[in-house]
Number of protein chains: 2
Amino acid sequence: MTTVRLGKIKNACQNCGVRQLCLPTSLDGNEFNLMDEVVTHRFKLQAGDHLYKTGDEFHGIYAVKSGALKTSGVTIDGREQVTGFHLYGEIVGLDAVDEKIHPCDAIALTDTEVCHLPFKKLREASAKLPNLLEDLTKIMSREIRREEHVLMLLGTTTAEQRIARFLVNLYERLQKRGELENTITLFMSRQDIGNYLGLAIETVSRQFKSLRDKGIINVDKKKVEILAMEELKTLAL
Amino acid sequence: MTTVRLGKIKNACQNCGVRQLCLPTSLDGNEFNLMDEVVTHRFKLQAGDHLYKTGDEFHGIYAVKSGALKTSGVTIDGREQVTGFHLYGEIVGLDAVDEKIHPCDAIALTDTEVCHLPFKKLREASAKLPNLLEDLTKIMSREIRREEHVLMLLGTTTAEQRIARFLVNLYERLQKRGELENTITLFMSRQDIGNYLGLAIETVSRQFKSLRDKGIINVDKKKVEILAMEELKTLAL
DNA sequence: CCGTTTTCTTGACTTGTGTCAATGAGACTG
DNA sequence: CAGTCTCATTGACACAAGTCAAGAAAACGG
């Protein structure tokens, strides 16, 4: 549970350009050389490690290269609230650009590799590279939409709907990354799922059981096999 | 209930620079002249008018100059879900930058004035003006944080907490705009509030009544007078 | 390897909040 | 002004999901 301090790990990042970040990049050719200046460090986190903590000074955003992270804030009354799960190919830290202080924790859920992108450099490079600027705004826009999506998910819905939507969403995100198996691995705990979906941990457990009883999924520990995707999607409606 | 089409209203926007947008602007002097090129139109909406609808092509973002808007999407199962209320001084439309299509509706809650900021121009100007670029990223970052805040609000909390937090948040936003009265005007319906907070309209009604019985607020139609702010904040915890 | 701790599951019970239904209060219209 | 609509309030009731509690199953650590 150690916070990774920047600068400690100084191994240069070779294969860490925009293209490999799974960003909606439109960069080509020489521009990549410039981009590589932006990416400074690539380093590893173990499950439970903090990438940053609430209140930490903001130095830049992070591209998740492998593994997964959760971001969670602390509500006014002191409870944890998970605000998102971030798979590889996604970006974390965009919520800190404004105030220059991280408003939430980012914690690795499993062994995870991230690339650090100093935001100042990114901005400077964006001024020279129109395409990069476009990418940057798109990435931020996408993050805004992602959160809106979660908001929609949390509106007045049943526990079953939330769990179903959660599974479908996770499946689709993994599918986009080329993972076509029907079995998805939950890297997060039941606690995290419940917290994220606004449900008690027991409810999460019961819903998994209920879906299993209906023959829609198969749950074994952190492995969830989707047996009837169409039915699952119907429940998600 | 008419959608305002761009281009129909072509009156140039005089007092619509960044400074007046209540943005965290750091622009000075001549740069403003460039900025004024970015702002194209300023126009009025009546209560119920759509600024844009889900699926509309994205032409730019909008700065709310007066009044208030709600943004709401349609969930997979066809229900409306309010994702935010936007007071004057705030920006709407940032969630469309990525896909170039508006993922939600933006509807005026009262008579509202907005400025249209073509995003392409904004981006082009940002490449020349480092400060503008900084502002743009900050604004987007702030929007991301705003939504995270709503997420935290919707996590496992009671109806009373949600209503209390909603009122405190609204009060503080109005206060930042220099409105120091203890009476706030809800420009949105109970329906919208309930939808936004994930509560049934009846529950909203009952919670208002309950807070009134406790002597914490005074409700008369859309006017909410806060009698005991400290107690309200305690309930919000 | 066994003891300890954490995480997950399952059951019994309670309660907050949604649903249904009826009524009241304004706002708008002809 | 009565008639129609929409919006808000209030009450009665049911049920989904939270809480409490106990036990099972992994994970961890020496």
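So you know, we letter chains A, B, ... as the sequences are listed, proteins then strands, and number each from 1. Every heavy atom of this structure was used, including side-chain atoms; hydrogens, water molecules and symmetry mates were not. If you're wondering where the values come from, they're calculated on a predicted model, not measured in any experiment.
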Distance in angstrom units between B:Ile163 CD1 and D:dA8 P, rounded
12 Å

Spacing between B:Gln207 atom CD and D:dA8 atom P, to the nearest angstrom
16 Å

Closest approach to the side chain of A:Thr203, judged atom by atom: which nucleotide of D:dG18, D:dA8, C:dT17 is it?
D:dG18

A:Asn195 (side chain) donor-acceptor with A:Glu80 (main chain) under 3.5 angstrom:
yes

Here the distance between atom P of C:dT6 and atom CE of A:Met188, to the nearest Å, is 22 Å

Nucleotide nearest A:Ala159 when distance is taken to its side chain, options C:dC8, D:dA17, D:dT10
D:dA17

Check the distance between D:dA8's P and B:Phe208's CZ and give it to me in whole angstrom.
10 Å

Please give, in whole Å, the distance from D:dT9 P to B:Ile193 CD1?
9 Å

Answer with yes or no whether the side chains of B:His102 and B:Thr54 bring together a donor and an acceptor at under 3.5 Å.
no

Can you confirm whether the side chains of B:Thr185 and B:Lys222 place a donor and an acceptor under 3.5 Å from each other?
no

Distance in angstrom units between B:Leu197 CG and C:dG18 P, rounded:
11 Å

Side-chain N or O of B:Ser189 versus OP1/OP2 of D:dC7: is the shortest distance under 4.0 Å?
no

For DNA chain D, which residues of residues 216-225 of chain A approach it to below 4.0 angstrom with any heavy atom?
A:Lys221

Side chain of B:Thr158 (C-beta onward), nearest among C:dT17, D:dA8, C:dT10
C:dT17

Locate the shortest heavy-atom distance separating A:Ala108 from A:Leu45; write the atom from each residue and the value.
CB-CB, 3.9 Å

Can you run down the side chain to side chain donor-acceptor pair (under 3.5 Å) pairs that involve residues 210-221 of chain B, sequence neighbours left out, and say none if there aren't any?
B:Glu160-B:Lys214

What pair of heavy atoms forms the shortest contact from A:Val64 to A:Val114, and how long is it?
CA-CG1, 4.2 Å

Given D:dA8, D:dT19, C:dG18, identify the nucleotide with an atom nearest to the side chain of A:Ala200.
D:dT19

Round to a whole Å and report the spacing from CG of A:Leu186 to C1' of C:dC8.
13 Å

Nearest to side-chain heavy atoms of A:Glu202, which nucleotide of D:dG18, D:dC20, C:dT9
D:dC20

Between C:dG24 (P) and B:Lys209 (NZ): distance, integer Å:
15 Å

Could a donor-acceptor pair under 3.5 angstrom be found where the side chain of B:Arg206 meets the base of C:dG16?
no

Shortest non-hydrogen separation from B:Val82 to B:Ser72 and the atoms involved
CA-CB, 3.8 Å

